[in-house]
Structure formats: structure tokens, C-alpha cells
Amino acid sequence: ERIHVPAYIPWLVLGAIFFTYINIGSYWTYIELAALDAGIDARYVGRLLVWTSFFSLIGCAVATVISNRFGLARPLLLALISMAGIVGMLSFGINDINILVSMFSFNLLWIFVDVYQMSTVANVDHSGAFASLMPGAQGLGQIVGPNIAASMLGAGLGYGKVFLMCTTAALAGFTIYGLMYLWLRKTLPALAEAT
């Protein structure tokens, strides 16, 4: 059933996507370099990058099952807060174990976030106009994030601070979705609990 959605809601979703992709773009640009800088074996990092990519496939299947049971908003919020934690963990240092946990978890959660964000756009904008703007929001985040990270590294702040910036960006997306979810629960509960 079509529900009237205020015009600013799709813009909020695009803003959240932008912040989420600042995190994603920065993470994937610098995770390998950060691991090598921490003294992790290059072959080990290379194998992790290959094998963790398979978690994307698992993430798609699991995300679908979860959204069918719990809707979109709550799993999206949980995925974003988990992603912030997984990235933030690296700001305290990188070792063989936490890089493995981070890469596998990040790949899984990245797909969760993408599936739920795309579905959220479809639910809040039935015209399809905002769906066509999604790649722009993602691309802009992927440009802005690594450039902020490069500036931080150029200023000598180190990879730990880059991962804190990634965490902050993920939390910004979480905050936008969280406030939007709370507002929708009061005004448009059918949309807030949509699958």
C-alpha cells in the first residue's frame, strides 16, 4: 500500500548513504595499507582480501532472511552500529586476529547495509527518482571519505585516526536512520516496520 512520505525523508536517506559510504570508501582504500603499516604479512593480508569477498555472497542471503523476519530499519541500525564497532576496533591497533575479524565482518555488514539502504529508498520513494540518485550519494561518499583520510594521513595523524573518522561517519549514518525510524514509528508506523 502506498503511503504519503514527506519529501525530505528520501533526502535524509541519501544523506545517510553518503555518510555510510565515507566509511566504506575510506575503509577499503586504506585497510590494506594500514595492515601492512602495522607489520602484518602482505601474503596474509592478500589472502584475507580474497576470502573475505565471499562473505558478500553470504551477506546477501542472510540480509534477505533477516529483513523478511524483522523488517528493514532495525537490522539496518544494528548493521551500522556493528560496522562502527568493527572499524573503531582498528583504531587501537592492528594485529593478525583483529584484521581478520574486521575484514570478514566488514564485508558481511557492508552487504547488509547496502541491501537495507536500497530497500529503504524503494520504500520511501515509489517514483524511483531517488533510486537513481543512490549511486551519486554512494560515489560522493567514496570520493569524500578517502580524500579526508588522505588529508589526515598527510597531516601525520596515522591510520588509527582514519579508522576513528570511519567510525564517526558510520555513526552519522546510524544517527540519521535512527532518528528517522523513531519519527516514522510515531507518524507512519507501517513504513517504519516495512520489509
Side-chain angles (χ1 to χ4, degrees), residues 12-59 62-63 75-117 134-180:
L12 284 176
V13 175
L14 289 179
I17 290 170
F18 167 73
F19 283 111
T20 302
Y21 266 82
I22 286 177
N23 167 36
I24 291 169
S26 301
Y27 182 91
W28 285 124
T29 300
Y30 289 105
I31 189 63
E32 182 177 12
L33 295 173
L36 297 176
D37 184 68
I40 308 297
D41 180 65
R43 286 177 298 175
Y44 176 69
V45 174
R47 285 195 301 270
L48 282 180
L49 288 168
V50 170
W51 288 107
T52 58
S53 63
F54 290 110
F55 262 52
S56 301
L57 301 173
I58 295 168
V62 173
L76 174 58
L77 292 170
L78 184 60
L80 281 170
I81 200 76
S82 300
M83 184 179 270
I86 289 298
V87 175
M89 166 183 72
L90 299 179
S91 66
F92 299 105
I94 297 175
N95 56 50
D96 288 351
I97 301 300
N98 72 2
I99 193 73
L100 180 138
V101 170
S102 179
M103 282 191 186
F104 274 97
S105 301
F106 196 90
N107 241 323
L108 182 72
L109 294 168
W110 175 25
I111 295 304
F112 269 52
V113 168
D114 263 4
V115 167
Y116 297 142
Q117 286 186 140
M134 276 186 64
Q138 292 170 328
L140 187 60
Q142 287 179 318
I143 292 167
V144 170
N147 276 287
I148 293 171
S151 298
M152 293 172 73
L153 292 171
L157 296 177
Y159 290 105
K161 295 288 191 274
V162 167
F163 291 122
L164 277 179
M165 181 272 295
C166 291
T167 299
T168 303
L171 290 174
F174 170 83
T175 302
I176 292 170
Y177 281 122
L179 293 173
M180 188 177 76

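Throughout, residue positions are numbered sequentially from 1 according to the sequence presented. Everything numeric in this text was worked out from a predicted model, so none of it was measured.
- Distance check, rounded to the nearest 0.5 Å: CG of Asn107 to CD1 of Ile86 gives 12.0 Å.
- Closest non-hydrogen pair, Met165 versus Met152, comes out as CB-SD, 3.8 Å.
- When atom types are taken as modelled, the side chain of Ser105 and the backbone of Ser102 share no donor-acceptor pair closer than 3.5 angstrom.
- With contacts defined as side-chain heavy-atom distances shorter than 4.5 Å, the pair Ile31/Phe163 qualifies.
- Between the side chains of Tyr30 and Asp37, no donor N or O sits under 3.5 Å from an acceptor N or O.
- Atom CG of residue Leu153 and atom CD1 of residue Ile148 lie 12.0 Å apart, to the nearest 0.5 angstrom.
- For the pair Ser26 and Cys166, the tightest heavy-atom approach, listed with the atom from each and the gap, is CB-SG, 3.4 Å.
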Dump the intermediate steps for side-chain contact (heavy atoms from CB on, under 4.5 Å) on Ile99 and Val45, then the final yes or no. CA-CA 8 Å; Ile99 193 73; Val45 174; 5.5 Å; no
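- Checking side-chain atoms of Tyr177 against main-chain N and O of Ala172 turns up no donor-acceptor pair under 3.5 Å.
- Taking all atoms of both residues into account, the shortest heavy-atom contact from Asn147 to Ile143 is ND2-O, 2.6 Å.
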Could you check Phe104 against Leu48 for side-chain contact (heavy atoms from CB on, under 4.5 Å), going step by step and ending with a plain yes or no? CA-CA 8 Å; Phe104 274 97; Leu48 282 180; 3.9 Å; yes
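- Remark: side-chain polar atoms of Thr20 are not paired, donor with acceptor, to backbone N or O of Ala170 under 3.5 angstrom.
- Heavy atoms only, all atoms of each residue included: Val113 and Met83 are closest at CG2-CE, 4.2 Å.
- Atom CG in Leu108 sits 8.5 Å away from atom CD1 in Ile111 (nearest 0.5 Å).
- Taking 4.5 Å as the limit, some side-chain heavy atom of Ile17 sits within range of a side-chain heavy atom of Gln138.
- Side-chain N or O atoms of Asn23 include none that pairs as donor or acceptor with a backbone N or O of Ala169 at under 3.5 Å.
- For Tyr21 (side chain) and Gly139 (main-chain N/O), no donor-acceptor pair under 3.5 Å exists by modelled atom type.
- With ring centers used as reference points, Phe106 lies under 6.0 Å from Trp28.
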Could you walk me through whether Leu80 and Phe112 pass the side-chain contact (heavy atoms from CB on, under 4.5 Å) test, one step at a time? CA-CA 9 Å; Leu80 281 170; Phe112 269 52; over 6 Å; no
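- A distance of 12.5 Å separates CE of Met103 from CH2 of Trp110, quoted to the nearest 0.5 Å.
- One finds the CG atom of Leu90 at 13.0 Å from the OH atom of Tyr159 (value rounded to the nearest 0.5 Å).
- Gln142 places none of its side-chain heavy atoms less than 4.5 Å from the side chain of Thr29.
- Atom CZ of Phe92 has 12 or fewer neighbouring heavy atoms from other residues, nucleotides or ligands inside a 6.0 Å radius.
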Apply side-chain contact (heavy atoms from CB on, under 4.5 Å) to residues Phe19 and Thr175 and explain how you reach the verdict. CA-CA 10 Å; Phe19 283 111; Thr175 302; over 6 Å; no
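- When atom types are taken as modelled, the side chain of Ser91 and the backbone of Gly160 share no donor-acceptor pair closer than 3.5 angstrom.
- Heavy-atom minimum distance, Ala149 versus Val162: CB-CG1, 3.7 Å.
- Using a 4.5 Å heavy-atom threshold, the side chains of Leu171 and Thr167 count as touching.
- Under a 3.5 Å cut-off, the side chain of Ser53 and the backbone N or O of Val50 do form a donor-acceptor pair.
- Remark: the backbone N or O of Asn95 is paired with a side-chain donor or acceptor of Asn98 at under 3.5 angstrom.
- The CG atom of Leu100 sits 8.5 Å away from atom CG of Asp96, with the distance rounded to the nearest 0.5 Å.
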